[in-house]
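Because the structure is predicted, anything quoted here is derived from the model rather than measured.
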Amino acid sequence: MCELLESIMLICFGISWPVNVYRSYRARTARGMSPTFILLIITGYIAGIAAKILSGNTGLILAVYFINLMMVLVNLAVYFRNRRMDAAQKTA
């Protein structure tokens, strides 16, 4: 049951991240984005991955952790892109 609930949580986050990345990319601004929040999420996913590896439970769920981590890293890249665009707009 625990694995099922963890899978549901990861799937829900997995669906949410691409939507968030798309909206942030289209917004073309870093306003409303928190790099601290994004870094905390990245840290959480890394801890989850480490826990799975250390427990020897390296099934399909581990792949979902990695996919979600990649999406959050893309979100961080979009944040820095948007921050550069904000700075360029201020100087223009």
Side-chain angles (χ1 to χ4, degrees):
M1 184 59 142
C2 290
E3 298 256 335
L4 175 64
L5 294 173
E6 184 179 20
S7 297
I8 292 169
M9 181 267 308
L10 286 170
I11 290 167
C12 289
F13 281 139
I15 293 168
S16 301
W17 287 122
V19 172
N20 186 274
V21 168
Y22 177 74
R23 293 178 105 183
S24 297
Y25 184 83
R26 289 219 16 185
R28 302 176 69 86
T29 182
R31 282 177 294 184
M33 293 179 77
S34 169
T36 304
F37 175 75
I38 297 169
L39 290 172
L40 284 171
I41 296 296
I42 289 169
T43 303
Y45 278 126
I46 291 170
I49 290 167
K52 288 297 177 188
I53 291 171
L54 290 173
S55 71
N57 190 0
T58 57
L60 184 59
I61 245 177
L62 186 61
V64 178
Y65 269 104
F66 275 110
I67 292 167
N68 286 354
L69 176 60
M70 291 304 114
M71 290 307 304
V72 180
L73 289 170
V74 169
N75 200 17
L76 185 62
V78 170
Y79 166 78
F80 285 113
R81 167 209 176 242
N82 287 350
R83 196 172 79 167
R84 277 193 309 273
M85 292 174 81
D86 288 343
Q89 190 174 32
K90 282 183 184 177
T91 61

Novice: Using 0.5 Å steps for rounding, measure from the CD1 atom of I15 to the CG atom of N68.
Specialist: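 Separation between the atoms: 10.0 Å.
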Novice: Output a table of donor-acceptor pairs, distance under 3.5 Å, between side-chain atoms of residues 78-85 and any protein atom two or more places apart or on a different chain; print 'none' if there are none.
Specialist:
residue	atom	partner	partner atom	Å
R81	NH1	Y25	O	3.1
N82	ND2	S24	O	2.8
N82	ND2	T29	O	3.2

Novice: Assess whether atom CG of L60 is packed by more than 12 heavy atoms of other residues, nucleotides or ligands within 6.0 Å.
Specialist: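 At most 12 heavy atoms, drawn from other residues, nucleotides or ligands, come within 6.0 Å of this atom.
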Novice: For the residue pair I53 and T58, what are the closest heavy atoms and their distance?
Specialist: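 In this case the closest contact between I53 and T58 is CA-CG2, 4.1 Å.
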Novice: What's the spacing between E3 CD and I61 CD1 if we round to 0.5 Å?
Specialist: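 Those atoms lie 5.0 Å apart.
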Novice: Hey, what do you get for CD (E6) to CG (N57), rounding to the nearest 0.5 Å?
Specialist: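 Taking CD in E6 and CG in N57, the distance rounds to 7.5 Å.
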Novice: Return the CG to OG1 distance between L40 and T36, rounded to the nearest 0.5 Å.
Specialist: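 Reported value, rounded in 0.5 Å steps: 7.0 Å.
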Novice: Can I get a per-line list of side-chain donor-acceptor pairs under 3.5 Å for residues 69-77, giving both atom names and the distance, sequence neighbours left out?
Specialist:
residue	atom	partner	partner atom	Å
N75	ND2	N20	OD1	2.9

Novice: Is it the case that one hydrophobic cluster holds both I46 and I67, taking links as side-chain heavy atoms less than 4.5 Å apart, direct or via other members?
Specialist: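 No; I67 is not reachable from I46 via cluster members.
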Novice: Within a strict 4.5 Å, meaning less than it, do heavy atoms of the F13 and I41 side chains meet?
Specialist: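 No, too far: nothing below the 4.5 Å cut-off.
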Novice: Using the rule that Ile, Leu, Val, Met, Phe, Trp and Tyr join whenever any side-chain heavy atoms are under 4.5 Å apart, tell me whether F37 and Y22 fall into a single cluster.
Specialist: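 In one cluster: no.
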Novice: Aromatic rings Y45 and Y65: how do their planes relate, parallel, tilted or perpendicular, breaks at 30° and 60°?
Specialist: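 Judged by the thresholds at 30° and 60°, the geometry between Y45 and Y65 is perpendicular.
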Novice: With the 4.5 Å side-chain cut-off for hydrophobic clustering, are I49 and I11 part of the same group?
Specialist: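 Per the 4.5 Å side-chain linkage, I49 and I11 are not co-clustered.
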Novice: Search all heavy atoms of L62 against all heavy atoms of K52 and return the closest pair with its distance.
Specialist: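 In this case the closest contact between L62 and K52 is CD1-CB, 3.8 Å.
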